[in-house]
Amino acid sequence: MTLRIYNTLKGTKEEFKPIEEGKVKIYICGPTVYDSCHIGHGRAVVVFDVIVRYLETIGYDVTYIRNFTDVDDKIINRGNETGMHFLEVSEKYIKEFHEDMDALNVRRATREPRATEHIDDIIDIVQLLIDKDKAYAVDGDVYFSVDSFKDYGKLSGRNVEDMKAGARIDIDDRKKNPADFALWKSAKPEEPFWDSPWGKGRPGWHIECSAMSYRFLGETFDIHGGGKDLIFPHHENEIAQSEAAFDKEFAKYWIHNGFVNINKEKMSKSLGNFLTIKKVLKEYHPEAVRMFLLSNHYRSPVDFSESSMAEASAALERVYTTLLRGEEIFGQLSVTEETGELWKNFKTSMDDDFNTAQAIGTLFEVLRKMNRTLDKNRDEISDDVKSDIQKTVSDILKIGDVLGLFTTKPSDYFESRKSASSVDEVEVEALIKERREARASKDFARADAIRDELDAMNIVIEDKADKTVWKVKS
RNA sequence: GGCGGCUUGGCCAAGUGGUAAGGCGACGGCCUGCAAAGCCGUUAUUCUCCAGUUCAAAUCUGGAAGCCGCCUCCA
């Protein structure tokens, strides 16, 4: 089985072959840290988190770099608005980013470099580009000359002529071509700056990624990724800078995730239709959010709504409900070395361009099968059946390791929902006890009345042979 | 205006040439005092529309309609 990845550069899926056997070097464009993350940022980060986890699971040694853009107009503006130094602004939102992503069970990258830590690297590349006649300095600004790079447009499928016709580019007489973009921007009064051969200034937006990827991954690396909106101009410009500077192919595979939509429209700051991760997590379980984000293929849009979140929550609950039955048998769920059919199917789905949606589909088929087996063997469970169930449980947990799901002990999952809600557990237990007594004396009217009362408290009960369990509705 | 993508059952969603996964919902059944959970069954002869290629198309080609994205900061 081989891993196939959709490569934006080629416009098609192709077999993944790492540059160096057994190793993967991957660079992802992280956020510009000027405000809280919304769920759209969450999707990008979760998608690549899963991709990296999967690459590691199938045996690759992964070097994962995800940067923070910590100097930029928006950050500076934010600092001016709030009276904070721009680095205080970026620090604040980097901290928030980590809080949010930790909550979503996203693992840290191998390194998370910041643009301001690599100003020297940036200046070196800009100078190299000037020396090679690929860039030019004007009044303290430095621009990349798109005409000097014949492949300009190869990632996004555009050409410089079309863009001129588009006329949405600022006309700036100092530029040789309107599509030329800034590598270095001279400092305006009150702006932060660093000294450079071209005077006081700061880096343009794209150059930092060329500098940091070069620093940590070298001239050529395996995978570069980010949101679809970065294809142009950001990634196009990165390619131009890096390939012009080093005369080597920049990144082999380009992976771009689709957006989180609200009412079919892209969630974004400018449209104002965004929901912060913090806000979403107040209402939904973090794993439900991940389940939601992974329920569609990563390149497709995914529509955020109350009903889609309810669906994801229900899906998560269904997995935990089944896992709980496993926990009742084994006491503690565990992963075994041996893998089963489910794991094989999971790998098949993931090998096909990280198809988490399909993977989750097969998971549910297995869930049904496991429940069926459990139902059939309710009274007595043979060792054969037990080992079968154990294998399934193990596969589910392994899949959870890749998707970042099912990390909680099932009984704890349901218990934590109780403590997280506002219900009075003592009161609930008392009502359930009363109901059991009513049922024992065949006073079903009273028993049903109590159940209705509990229902009104958002509690659902299940009568088992020897006990009654209760859950908080999701 | 340029470039790209999407359109699958009531809803969500996989599926890139071999005869429509899965989830939610609905309905019927098993289980239950009744429920809930779980299980079983039913729920798209059909994949926006039109034409074409093919023994065979949701999947390929051409055209139409609708929706969306990028071209300006954006995950």
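Here is how names work: the chains are called A, B, and so on, in the same order as the sequence lines, proteins then strands, and each is numbered from 1.
Under the 6.0 Å distance and 45° angle rule, Lys269(A) counts as a cation-pi partner of Phe274(A).
In the interface, the side chain of Arg451(A) is paired with the base of C34(B) through a donor and an acceptor atom under 3.5 Å apart. On a pure distance criterion of 3.5 Å, no polar donor-acceptor pair joins the side chain of Arg372(A) and the base of G41(B). Checked by distance alone, Asp463(A) brings a side-chain donor or acceptor within 3.5 Å of a matching partner on the base of C34(B). In this model, no side-chain donor or acceptor of Asp229(A) finds a partner on the base of G69(B) within 3.5 Å. Side-chain N/O atoms of Arg439(A) and base N/O atoms of G33(B) include a donor-acceptor pair closer than 3.5 Å.
One can place CE of Met267(A) at 15 Å from C1' of C68(B), the figure rounded to the nearest angstrom. Rounded to an integer number of Å, the gap from Phe364(A) CZ to G38(B) C1' is 14 Å. Atom pair Asn261(A):CG and G5(B):C1' shows a separation of 12 Å (rounding to whole Å applied). One can place CG of Asn67(A) at 10 Å from P of A75(B), the figure rounded to the nearest angstrom. The distance between atom CE of Met309(A) and atom P of G23(B), rounded to the nearest whole Å, is 19 Å.
A salt bridge between Asp147(A) and Lys176(A) is absent, with no side-chain N of the basic residue lying under 4.0 Å from a carboxylate O of the acidic one. Looking at Glu453(A) and Arg435(A), no side-chain N of the basic residue comes within less than 4.0 Å of a carboxylate O on the acidic one, giving no salt bridge.
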Each nucleotide of nucleotides 9-15 of chain B classed B (base within 4.0 Å of a protein heavy atom), S (only sugar-phosphate) or -, in 5' to 3' order, makes ---BSSS

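In this structure, Lys266(A) reaches the C70(B) phosphate: one of its side-chain N or O atoms is under 4.0 Å from OP1 or OP2. Within the 4.0 Å cut-off from OP1 or OP2 of C39(B), at least one side-chain nitrogen or oxygen of Arg318(A) is found. In terms of phosphate contacts, Arg158(A) brings no side-chain nitrogen or oxygen within less than 4.0 Å of OP1 or OP2 of G4(B).
Looking at heavy-atom distances under 4.0 Å, Gly226(A) makes contact with sugar-phosphate atoms alone, never a base. Using a 4.0 Å heavy-atom distance criterion, Gly361(A) is classed as a base contact.
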Derivation and outcome, side chain to side chain contact (heavy atoms under 4.5 Å, CB included), residues Ser90(A) and Arg114(A)
CA-CA 10 Å; Ser90(A) 57; Arg114(A) 305 173 187 194; 5.9 Å; no

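Here Phe444(A) counts as stacked on G33(B): its ring centre is under 5.5 angstrom from the base ring centre and the planes meet at under 30°.
The only member of Asp375(A), Val393(A), Thr373(A), Ile389(A) that meets side-chain contact (heavy atoms from CB on, under 4.5 Å) when paired with Arg325(A) is Asp375(A).
Nearest-nucleotide positions on RNA chain B place Gly157(A) closer to the 5' end than the other of Gly157(A) and Asp448(A).
Taking atom C1' in both U59(B) and A75(B), the straight-line distance is 30 Å, to the nearest Å.
Using N1 to N3 plus N6-O4 or O6-N4 for Watson-Crick, or N1-O2 and O6-N3 for G-U wobble, each under 3.5 Å, G22(B) pairs with C12(B).
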